[in-house]
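A note on names: the letters A, B, ... follow the listed sequences, proteins ahead of strands, and every chain is numbered from 1.
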Amino acid sequence: MELKYEFERIEKKWQQRWEQAGCYKAETGSDKPKYFALVEFPYPSGDGLHVGHPRPYTALDIVARKRRMQGYNVLFPIGFDAFGLPTENYAIKHHMHPVAVTERNIAHFTEQLKMLGYSFDWDRVVDTTDPDYYKWTQWIFLQFFKKGLAYKASMPVNWCTSCKVVLANEEVVDGVCERCGAPVVKKEKSQWMLAITKYAQRLLDDLDELDFIERVKIQQRNWIGRSTGAEVDFATTAGDALRVFTTRPDTLFGATYMVISPEHAILKDWEGKLTNLDEVRAYQAEAARKSDFERTELQKDKTGVCLQGVRAVNPVTGQEIPIFISDYVLATYGTGAIMAVPGHDTRDWEFARKFGLPIVEVVKGGNVEEAAFTDCETGILVNSGFLDGMPVEEAKKAITAWLTEQGLGQEKVNFKLRDWVFSRQRYWGEPIPIVHCDKCGWVPLPEDQLPLRLPDVESYEPTDNGESPLAYMTDWVNTTCPKCGGPAQHETDTMPNWAGSSWYFLRYMDPNNDKALVSPEAAAYWSPVDWYNGGMEHTTLHLLYSRFWHKFLYDIGVVPTKEPYQKRTSHGMILGLNPRNFANLSPEEQAELVRTCGSEKAARRYLVEKYGEMAEHPIVKMSKSLGNVVNPDDVVRTYGADTLRTYIMFLGDFEKAAPWQDNAVKGCKRFLDRVWNLADSCTDSPELTPANESAVHKTIRKVGADIEEMKFNTAIAAMMSLVNDLYANGASKGDMGVLLRLLSPFAPHIAEELWEILGFEGFCCLQSWPEYDESKTVDAEVEMAVQVQGKLKTTVKVPVDSPEETILEAVLADGKIQRLMEGKEIVKTIHVKNKLVNLILKPKA
RNA sequence: GCCGGUGUGGCGGAAUUGGCAGACGCGCCAGACUUAAAAUCUGGUGGGGGAAACCUCGUACCGGUUCGAUCCCGGUCACCGGCACCA
């Protein structure tokens, strides 16, 4: 046929045909088994698609395409998570409306995604900034509010001292403003909160039943941070009680002082009794002024003030002990107060040393003069009255029982997880559908008034006083109270960008429903997501948030499953070569640099001096400033989408970070060229070529299994090997039919074109997935390793499954083995079926 | 500090989890085709020794278990990611 592989023409042609034929439409309610494959929808930034996007997208496209070929009704959707700061900042800078910016960016992303040949169902696209979409985001918020899970609380927010603006946590990098580099301090502001902590235990427990990769589960468990201990009340000389949380109630006899956080509310009650109130107030002010950055910087150096005028009483020793305030105790964890046991807690030990406080040993096993002894496994209680002689775990139980009996405390579980700060003082987000009325307080908007649309404003600039730009829209702000009809104001804060992404996968199931966020039928048919792949950076944010929302929706009867995603996997980042690293310079540049610097060592040192430490890393994140960003458009133009898809799956272990290497892309192009040319020379026989039969069956097995295990790189390597075999042995149309179906999920366009050229019927991408015959994957002969004393000496070819005697006969006939055996006898043979024999020799007596 | 991960040729990476280390690809070397180059095709390619058959070393480092260790155990080092005063 002598046709050239014109990837550009072929890719356009098949993208059109697939779309016309509706090959990738998901059908709600179909009799086929369903499969919901999900990728994280992109934020449509002005920069367009990054080469990092195709990695997870191609991976799940391969899975979706394979499932379709396996007879599933597949839902593989895409959408846009379009609210967010970069768009807002771009709109401010270029005086464009964020809606227009978003529209343009989505159009660009859509074009790029289509160019890559993904089998998305384009009829189900969602856009979080579409009022028909965010209507339901607001609806969910109202349900949270009605159940008491959305509430207002005064919270410290990040305040940039230079921009004079509230920053999202994501905008604070290492304690400074991401944009201007000025220090960020905390400022009190009333914020909407979502009570995710009410779901902490369920979010933890239900992880066990999910098919998430282990590192995701571990990170979520650590983030939720459950710990079991006890709450204990310490009576004070002020006549009240100070409650603490501890995970080591067994060490109660060793509590020689107490510490409360500078923000602790009890300080107000004690004001009249404190004789050093000025000193205490100064410390409180200092702590409030400190940024997070300073607080962590100074972490090791403990500070504090001893309260004069109020002391506490240790409930078991009856001793009066001092109370300190110190910022090493956090106001937001436990009760904001601790009993300090310097003998058995590292932080308390440091503090006690600094302030000259007594250190009492109550668990034997270490030397409390040298360091705190914190081991719970081996320690035995001492100096602890009725606990003496008990191991730690037993003592914990005994003391907790005693405290409960005395009414001084009880067992208590605490979580590190905090409630979710849900307000942003920004324009480009979902308006919070709540009205404030002086008479009625916070009143939810009636559901039939949703969506509460964003108004058009003159300026999207954040304001100087930390209010949302919406606050200046008096026409929009002023409204009437839905409850009493009196004057009221809309809430001017908007939702964070995590809101719309917390439930988007549900909307794909039923994207145009205007009666409900998803119909019960669609939810019942498609739930849960069968396979969700996304970045590790979302593990403790988006992934946890959306699990929380889903559980809430389950509780109010909107969705049928208590978990949204059955399986979660994660891909590694695509990195770039560092153009400032010596090894990545061209040979000419290297030589030049070595000449001017004197030696290679000096050249490397020069680069580090010029560019900083970063020049020492050959592989780094892609960044515009380094100029090592790869644009997928360029790759597609030069090599085609199929080559990009194949390369990005071939370049390394899917779960690990991997560097993009331009010249390696050629290898994948060469592979596809070889597949193309093979179609020219293949015979018309519809059967497998006998010489290729076992290789074909093995490849079917390997590619199928590897896709399930996300080992896409070795799946491609197996197909490359098969192509090498087909060249060596000659290929038939039958061989090609299998190869093209295996290749189709990876490189769908070329597979489709060759499928047509070779005269096969229908779409290649809708054929059934090839099946292999286990018996045909077995070769007639195997090459077995022959070892002497465990070291490889030679190999022998024997019929498969040969008995040991047959193999030994062949081995002993080998000249080399005979030489090695001179003057020796076999004392033992180890035989591993079809793999190896190992002879243990000993000199003859 | 705590939790998790990784360490294999010049490079990206394989190795059915205790059984022939380096599949597949890049790069490089040689040859074919070409006036030449590119492209393509064929062969070679971990280090050291040897003309060769072959010998020998080799999966971050040290030690152990085993007939046999990239894989298991003990220790050390380096790098990456997450959390970080969570009582």
Practice item. Flag the pair A:Ile321 / A:Phe234 as yes when at least one side-chain heavy-atom distance between them is below 4.5 Å, and no otherwise. Key: yes
Review point. When you check the glycosidic angle of B:G10, does it come out syn, meaning within 90° of 0, or anti?
Key: anti
Check your understanding: How is A:Asp673 classified with respect to the nucleic acid when contacts are heavy atoms under 4.0 Å: base, sugar-phosphate, or nothing?
Key -> nothing
Review point. Base, sugar-phosphate alone, or nothing: which one does A:Thr246 contact when heavy atoms must sit under 4.0 Å apart?
Key: sugar-phosphate
Check your understanding: Does any N or O donor sit under 3.5 Å from an N or O acceptor when you compare the side chain of A:Gln789 with the base of B:G68?
Key -> no
Study note, to complete from the structure: Side-chain atoms of A:Gln787 come closest, of B:A87, B:G19, B:G25, to B:G19
**Study point:** Below 4.0 Å: OP1/OP2 of B:G27 and any side-chain N or O of A:Lys666
**Key:** yes
Exercise for review: Round to the nearest Å and state the distance from A:Asn834 atom CG to B:C20 atom P.
Suggested key: 13 Å
Check your understanding: Nearest of B:G13, B:C3, B:A87 to any side-chain atom of A:Phe245?
Key -> B:A87
**Study point:** B:G48 versus B:A14 - spacing of their P atoms, nearest Å
**Key:** 27 Å
Review point. Given the C1' atoms of B:G18 and B:G68, what is the spacing between them in whole Å?
Key: 8 Å
Practice item. Ignoring hydrogens and angles, state whether a donor on the side chain of A:Glu804 or A:Thr829 is under 3.5 Å from an acceptor on the partner side chain. Key: yes
Practice item. Pull up the glycosidic torsion of B:U6 and say syn or anti, syn being anything within 90° of 0. Key: anti
Practice item. Provide the distance between the two P atoms, one in B:G9 and one in B:U76, to the nearest whole Å. Key: 24 Å
**Study point:** A:Lys816 side-chain N/O to B:C55 phosphate OP1/OP2 under 4.0 Å
**Key:** yes
Check your understanding: From the list B:U6, B:G4, B:C20, which nucleotide is the closest neighbour of the side chain of A:Ala785?
Key -> B:C20
Check your understanding: Checking all strands, does A:Glu783 fall into the base, sugar-phosphate, or nothing category for heavy-atom contacts under 4.0 angstrom?
Key -> base
Exercise for review: Can you tell me the distance, in whole Å, between the NZ atom of A:Lys835 and the P atom of B:G19?
Suggested key: 7 Å
Practice item. Write down the distance separating the P atoms in B:C28 and B:C33, rounded off to the nearest Å. Key: 22 Å
Revision key, fill the gap. B:U45 -> Watson-Crick or G-U wobble partner, both distances under 3.5 Å, gives B:G27
**Study point:** C1' spacing across the pair B:G12 / B:G22, given as an integer number of angstrom
**Key:** 13 Å
Review point. Whole Å only: how far is the NZ atom of A:Lys793 from the P atom of B:U56?
Key: 5 Å
Check your understanding: Is A:Leu836 touching bases, backbone alone, or none of the nucleic acid, heavy atoms closer than 4.0 Å?
Key -> base
Point to revise | Length of the line joining A:His831:NE2 and B:C67:C1', which is rounded to integer Å | key: 15 Å
**Study point:** Donor-acceptor side-chain pairing of A:Tyr333 and A:Ser261 below 3.5 angstrom
**Key:** no
Check your understanding: When rounded to the nearest Å, what value does the distance between C1' atoms of B:C85 and B:C2 take?
Key -> 12 Å
Check your understanding: What does A:Ala718 touch in the nucleic acid at a heavy-atom separation under 4.0 angstrom: a base, only the sugar-phosphate, or nothing?
Key -> nothing
Point to revise | Presence of A:Arg670 side-chain N/O under 4.0 Å of B:C26 phosphate oxygens OP1/OP2 | key: yes
Check your understanding: Given atom CD of A:Glu655 and atom P of B:G12, what is their separation to the nearest angstrom?
Key -> 19 Å
Exercise for review: Give the C-alpha distance, both sets of side-chain angles, the deciding distance and a yes or no for side-chain contact (heavy atoms from CB on, under 4.5 Å) between A:Asn628 and A:Val620.
Suggested key: CA-CA 9 Å; A:Asn628 63 352; A:Val620 291; 3.7 Å; yes
Exercise for review: Sticking with atom C1', work out how far B:C71 lies from B:A15, rounded to a whole angstrom.
Suggested key: 10 Å
Check your understanding: Base, sugar-phosphate, or nothing for A:Ile830, non-hydrogen atoms under 4.0 angstrom?
Key -> base
**Study point:** Base of B:C83 paired with side chain of A:Lys416 (donor-acceptor, under 3.5 Å)
**Key:** no
Check your understanding: For B:A14, does either OP1 or OP2 sit under 4.0 Å from a side-chain N or O belonging to A:Asn713?
Key -> yes
Exercise for review: Looking only at side-chain atoms of A:Asn724, point me to the closest of B:C67, B:G25, B:C26.
Suggested key: B:G25
Review point. Using the C1' atom in both, what is the distance from B:C73 to B:U65, to the nearest Å?
Key: 7 Å
Practice item. Measure from the side chain of A:Val832, starting at C-beta and using heavy atoms only, and say which of B:G19, B:C20, B:A23 lies closest. Key: B:G19
Check your understanding: From B:C85, B:A23, B:U56, pick the nucleotide closest to the side chain of A:Ala717?
Key -> B:A23
Exercise for review: Tell me, please, whether A:Phe245 has A:Lys412 positioned over its six-membered ring: NZ or CZ under 6.0 Å from the ring centre and within 45 degrees of its axis?
Suggested key: no
**Study point:** Interatomic distance where CD belongs to A:Gln219 and P belongs to B:C83 [whole Å]
**Key:** 7 Å
Exercise for review: Between B:G12, B:C67, B:C85, spot the one nearest the side chain of A:Tyr328, thanks.
Suggested key: B:C85
Check your understanding: Reckon A:Ser227 touches a base, only the sugar-phosphate, or nothing at all at heavy-atom distances under 4.0 Å?
Key -> sugar-phosphate
Review point. Quick one: is B:C24 close enough that its OP1 or OP2 comes under 4.0 Å of any side-chain N or O from A:Arg674?
Key: no
Exercise for review: I would like to know whether A:Met649 and A:Ile716 meet side-chain contact (heavy atoms from CB on, under 4.5 Å); could you show each step before the answer?
Suggested key: CA-CA 8 Å; A:Met649 290 295 101; A:Ile716 292 165; 3.7 Å; yes
Practice item. Scan A:His344 against the nucleic acid and name what it touches under 4.0 Å (heavy atoms): base, sugar-phosphate only, or nothing. Key: nothing
Exercise for review: Find which nucleotide of RNA chain B each of A:Trp223 and A:Met784 is nearest to by heavy atoms, and output the residue with the more 5' nucleotide.
Suggested key: A:Met784
Revision key, fill the gap. Minimal heavy-atom distance between A:Val329 and A:Gly336, with the atoms involved, is CG1-O, 3.5 Å
Revision key, fill the gap. Between A:Arg248 and A:Gly652, whichever has its closest RNA chain B nucleotide further toward 5' is A:Gly652
Practice item. Can you figure out which of B:C79, B:A87, B:C57 approaches the side chain of A:Lys791 most closely? Key: B:C57
Exercise for review: Anything under 30° is parallel, anything over 60° is perpendicular, the rest tilted; go ahead and classify A:Phe654 against A:His571.
Suggested key: tilted
Check your understanding: For A:Lys711 and B:A15, is the shortest distance between a side-chain N/O and OP1 or OP2 below 4.0 Å?
Key -> yes
Review point. Is there a donor-acceptor pair closer than 3.5 Å between any side-chain N or O of A:Ser681 and the backbone N or O of A:Leu678?
Key: yes
Study note, to complete from the structure: Taken to the nearest whole Å, CG/A:Leu651 to P/B:G12 is 11 Å
Review point. Contact class for A:Lys702 vs. all strands (heavy atom < 4.0 Å): base, sugar-phosphate, or nothing?
Key: nothing
Review point. To the nearest Å, how far apart are A:Asn838 CG and B:G19 C1'?
Key: 9 Å
Review point. Is A:Lys396 salt-bridged to A:Glu393, going by a charged N under 4.0 Å from an acidic O?
Key: yes
Check your understanding: Which is true for A:Gln661 with a 4.0 Å heavy-atom rule: it touches a base, it touches only sugar-phosphate, or it touches nothing?
Key -> sugar-phosphate
Check your understanding: Is there a Watson-Crick or G-U wobble partner for B:C77 with both distances under 3.5 Å, and if so, which one is it?
Key -> B:G7
Study note, to complete from the structure: Checking B:C3, B:A14, B:A21 against the side chain of A:Leu792 (C-beta onward), the nearest is B:A21
Review point. Looking for any heavy atom pair under 4.0 Å, which part of the strands does A:Asn663 touch: base, sugar-phosphate only, or nothing?
Key: sugar-phosphate
